[in-house]
Amino acid sequence: MTTRRRSQAERDEIPVEIGYALLSACFLGGLVLATIAGPTLIWELPAALDEFLWTAGMWTAGILAVIRVIHVLWRHAQRR
C-alpha cells in the first residue's frame, strides 16, 4: 500500500471496474442458467428432472457469477 494521492483517472477506474465485473457476472450467470435449464423450456421433462435442472442451473450460475466478480476485481487490484 502506498500513501500517495490517487489521480482522478485512478479514482474513476474503480467504479468502471466494479460495473464491468457485475455486468460480466450477470451475463455469465444468465448464459449458464440458459444452458443448464434451457432444455426444460423446450422439452416436456419429468417434474423431478425439471426441478433439478432449474435448481442446478441457478446454483451454478450464482456461484460462477460470484467467482467472476472476485476474479475481475482481483485482477484489477493486481495490475495496480
Give the minimum heavy-atom separation between [X] and [Y], together with the two atoms involved.
X	Y	value
G29	A61	O-CB, 3.3 Å
T60	A56	OG1-O, 2.7 Å
A65	A25	O-CB, 3.4 Å
V72	A21	CG1-CB, 3.7 Å

Supply the atom-to-atom distance [X] [atom1] to [Y] [atom2], rounded to the nearest 0.5 angstrom.
X	Y	atom1	atom2	result
H76	I14	NE2	CD1	5.5 Å
L28	L23	CG	CG	11.5 Å
L73	Q78	CG	CD	12.0 Å
R68	C26	CZ	SG	12.0 Å
D50	L41	CG	CG	8.0 Å

Legend entry - E17/R79 ion pair, N-O < 4.0 Å: yes
ILVMFWY cluster, [X] and [Y] together (side-chain gap under 4.5 Å):
X	Y	value
M58	L53	no
I42	V32	yes
I63	L33	no
I36	F52	yes
L31	L22	no

Inset, instruction - Flag yes if more than 12 heavy atoms outside R5 fall under 6.0 Å of its CZ atom; otherwise flag no. - result: no
